Amino acid sequence: MDNLRWWLTAAEPRMRYGVLVAVGVVVMMTISYPFWGYGGAGMAALTAMMAVVIAHVSAKLIMRP
């Protein structure tokens, strides 16, 4: 259960974590523009949620102690 808690919480220091997640979301949304650009608002929202999850996991792995 402790491992699940680690995945679901933000990393420390939070400023660096926030920057990594923000950059990751921007990169993922830029890369995936062909998918959500023509799919409308629903596809853009779904892609944004997936981009946040991918950016969160990437930031946690980068900041792993």
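All of these numbers come straight from a predicted model, not from anything done at the bench.
Between the side chain of His56 and the main chain of Ala51, no donor-acceptor pair closer than 3.5 Å is present.
A cation-pi arrangement, defined by a distance under 6.0 Å to the six-membered ring centre and an angle within 45 degrees of its axis, is present between Lys60 and Trp6.
Heavy-atom contacts from other residues, nucleotides or ligands closer than 6.0 Å to CE of Met63 number more than 12.
Considering every non-hydrogen atom in both Ala55 and Val21, the closest pair reads CB-O, 3.6 Å.
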Validation: residues 23-33 side-chain donor-acceptor distances under 3.5 Å, sequence neighbours left out:
unit_1, atom_1, unit_2, atom_2, d
Thr30, OG1, Val26, O, 2.7
Ser32, OG, Met28, O, 2.8
Ser32, OG, Trp36, NE1, 3.4

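Both Ile62 and Tyr17 are part of a single hydrophobic cluster, where members link through side-chain heavy atoms under 4.5 Å apart.
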